[in-house]
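Note that this is a predicted model, so its numbers are computed, not measured. Counting begins at 1 with the first residue of the sequence.
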Amino acid sequence: MKKSAFMLFIALLPLIANAQEKSSNEDGKKIEKEKLETKDYLPEIHGTIRAKYEYQPTMGAGRFEVRNARVSITGNVLPSVAYKAEIDLSDEGQIKMLDAYARLFPTDGLTVTAGQMRVPFTIDAHRSPHQQYFANRSFIAKQVGNVRDVGVTLGYTLPTDLPITVEGGLFNGSGLTNQKEWHKEVNYSAKAQFLFTKGMNLTLSIQSIQPEKVRMQSYDIGAYYEFNRFHIEGEYLYKSYSDNAFGNVQAVNTFVNYDLPLRKTFKKMSFLARYDMMTDQSDGKTTDSETGALIATDYKRHRVTGGITFSLGKAFQSDIRLNYEKYFYAKHSIAKESEQDKIVLELMVRF
């Protein structure tokens, strides 16, 4: 079944691409026209290719990898009805269905989204692969706050002088693969964004899920400020487990990006520095075979990342990213094979 759906998806791509005309409908957004023309209903195709090479000095080994090969189809069927379907043909070598949702715009500023999506939570975890500043995601975006699920959300932009957007929803709480299970628990996520000035954003998030017996409650606060050629960002996440089933988790992500405009082959060169950390974390499902208690699935660690990004076009369109990551583990921690010191060279193309 999965193979048939994949082959059908691939077969339709050339047909849609030939008819495609660009608009501003990348994420299933409402086209701001009272009456759409025929061409406005044509689906759009977008995609991201990320090819990388990683070298680990401690192991003396390297590898090539296609980290992402995402393709999405978005569009409108009515001025107030939109959709998005996104598949990753190579998520670390595996095919995964990511987004599959329908979105309604009942009135100005209000959205209703139903289907499979990334839940409204955190800043960095909500970034698409082409929007990431570094070749590898932060611990918040990859381990602690990375949640995609099936459910329904409501979003609203308040009609105030200070732009405020709120979004919240109910979800299965068990991820993308167990959609047929029945749930007695309420799993929810909510997020509020405050845009104080053109370049300053404050984001507050809360999430509560119970994948099995233990409920996990997470809180996140993050902000970024853009001025001149700088982007400065910081985010803090706190997670607790019901009945003290596991120790509280804390995670931090902070980074600075400085853009230097260029005039020839590259449009700009960006200098980046990041510090992120996380304490021991459990996924809420994996237990000790003898005691039945939750065990750590991600160990405490700190990381410092330095990098340079060369942009061949506009921002996040075609980038060459060169990063060096330095990890620091506590004595009792176990370093996963892919979570050690490394040099990363990545080519990202967005279409």
Check whether the ring centres of Phe230 and Tyr224 lie less than 6.0 Å apart, and answer yes or no.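 For Phe230 and Tyr224, the ring centres are not under 6.0 Å apart.
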
Do Asp276 and Ser138 meet the criterion of a side-chain donor-acceptor pair at a distance under 3.5 Å?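 Asp276 vs Ser138: no donor-acceptor pair found between side chains.
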
Indicate whether the side chain of Gln340 and that of Tyr329 have a donor and an acceptor atom separated by less than 3.5 Å.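 Tyr329 and Gln340 do not have a side-chain donor-acceptor pair below 3.5 Å.
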
Full working for side-chain contact (heavy atoms from CB on, under 4.5 Å) between Tyr55 and Leu345: CA-CA 9 Å; Tyr55 178 77; Leu345 178 62; over 6 Å; no

Treat each ILVMFWY residue as a node, draw an edge where side-chain heavy atoms are under 4.5 Å apart, and state whether [X] and [Y] are in one component.
X	Y	answer
Leu260	Leu322	yes
Leu272	Val304	no
Leu170	Val119	no
Val144	Tyr241	yes
Tyr299	Phe328	no

Could you tell me whether a side-chain N or O of [X] sits under 3.5 Å from a main-chain N or O of [Y], the two making a donor and an acceptor?
X	Y	value
Asn76	Tyr41	no
Ser218	Gln207	no
Ser311	Gly313	no
Asp259	Ser270	no
Thr113	Thr153	no
Thr160	Leu162	yes

Can you check whether [X] reaches [Y] side chain to side chain, under 4.5 Å on heavy atoms?
X	Y	value
Met59	Glu337	yes
Arg215	Asn187	yes
Gln132	Glu346	no
Arg350	His46	yes
Asp243	Val214	no
Met200	Phe227	no
Glu54	Ser338	no
Asn136	Lys52	yes

Which is it for Leu204 and Phe194 under the side-chain contact (heavy atoms from CB on, under 4.5 Å) test, yes or no, and what are the steps along the way? CA-CA 9 Å; Leu204 306 174; Phe194 304 83; 4.0 Å; yes

Rounded at 0.5 Å granularity, tell me how far [atom1] in [X] sits from [atom2] in [Y].
X	Y	atom1	atom2	result
Ile295	Asp283	CD1	CG	8.0 Å
Asn253	Ile140	CG	CD1	5.5 Å
Ile209	Asn172	CD1	CG	11.5 Å
Arg229	Asn257	CZ	CG	12.5 Å
Leu154	Leu110	CG	CG	6.5 Å
His126	Thr203	NE2	OG1	10.0 Å

For the residue pair [X] and [Y], what are the closest heavy atoms and their distance?
X	Y	result
Phe351	Ile49	CE2-CG1, 4.3 Å
Pro120	Phe171	CD-CZ, 3.7 Å
Phe121	Gly145	CD2-O, 4.0 Å
Pro129	Arg50	CB-CD, 3.6 Å
Ala296	Phe246	N-CE1, 3.7 Å
Gln217	Ser208	OE1-OG, 2.9 Å

Using 30° and 60° as the class limits, which term best fits the ring planes of Phe266 and Phe310: parallel, tilted or perpendicular?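 Phe266 vs Phe310 ring planes: tilted.
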
Between Val344 and Arg321, does the side-chain contact (heavy atoms from CB on, under 4.5 Å) criterion hold? Intermediate values first, please. CA-CA 8 Å; Val344 187; Arg321 300 165 177 164; over 6 Å; no

Check each of Arg118, Lys84, Arg70, Gln116 against Asp99 using the side-chain hydrogen bond (donor to acceptor under 3.5 Å, both in side chains) test, and report the only one that passes.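 So, applying the side-chain hydrogen bond (donor to acceptor under 3.5 Å, both in side chains) to Asp99 and each of Arg118, Lys84, Arg70, Gln116, only Lys84 qualifies.
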
Check each of Lys336, Lys142, Lys239 against Asp298 using the salt bridge (Lys or Arg N to Asp or Glu O under 4.0 Å) test, and report the only one that passes.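 Checked Lys336, Lys142, Lys239 against Asp298; only one passes salt bridge (Lys or Arg N to Asp or Glu O under 4.0 Å): Lys336.
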
Can you confirm whether more than 12 heavy atoms, excluding those of Asp288, are under 6.0 Å from its CG atom?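 Above 12, so yes.
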
Return the set of residues passing salt bridge (Lys or Arg N to Asp or Glu O under 4.0 Å) with Glu325 (not counting sequence neighbours), or none when no residue passes.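 Here the qualifying residues are Arg303, Lys342.
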
Going by salt bridge (Lys or Arg N to Asp or Glu O under 4.0 Å), name the residues that satisfy it together with Asp280, two or more places apart in sequence or in a different chain.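 So Asp280 forms no salt bridge (Lys or Arg N to Asp or Glu O under 4.0 Å) with any residue.
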
Going through the distances and angles, do Phe316 and Tyr133 end up as a ring-ring contact (aromatic ring centres under 6.0 Å, His included)? CA-CA 9 Å; Phe316 306 115; Tyr133 285 81; 5.4 Å; yes

Could you tell me whether Glu339 and Arg301 have a side-chain N and a carboxylate O separated by less than 4.0 Å?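 Yes.
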
Between Thr305 and Tyr324, does a side-chain contact (heavy atoms from CB on, under 4.5 Å) hold up when you go through it step by step? CA-CA 6 Å; Thr305 307; Tyr324 175 69; over 6 Å; no

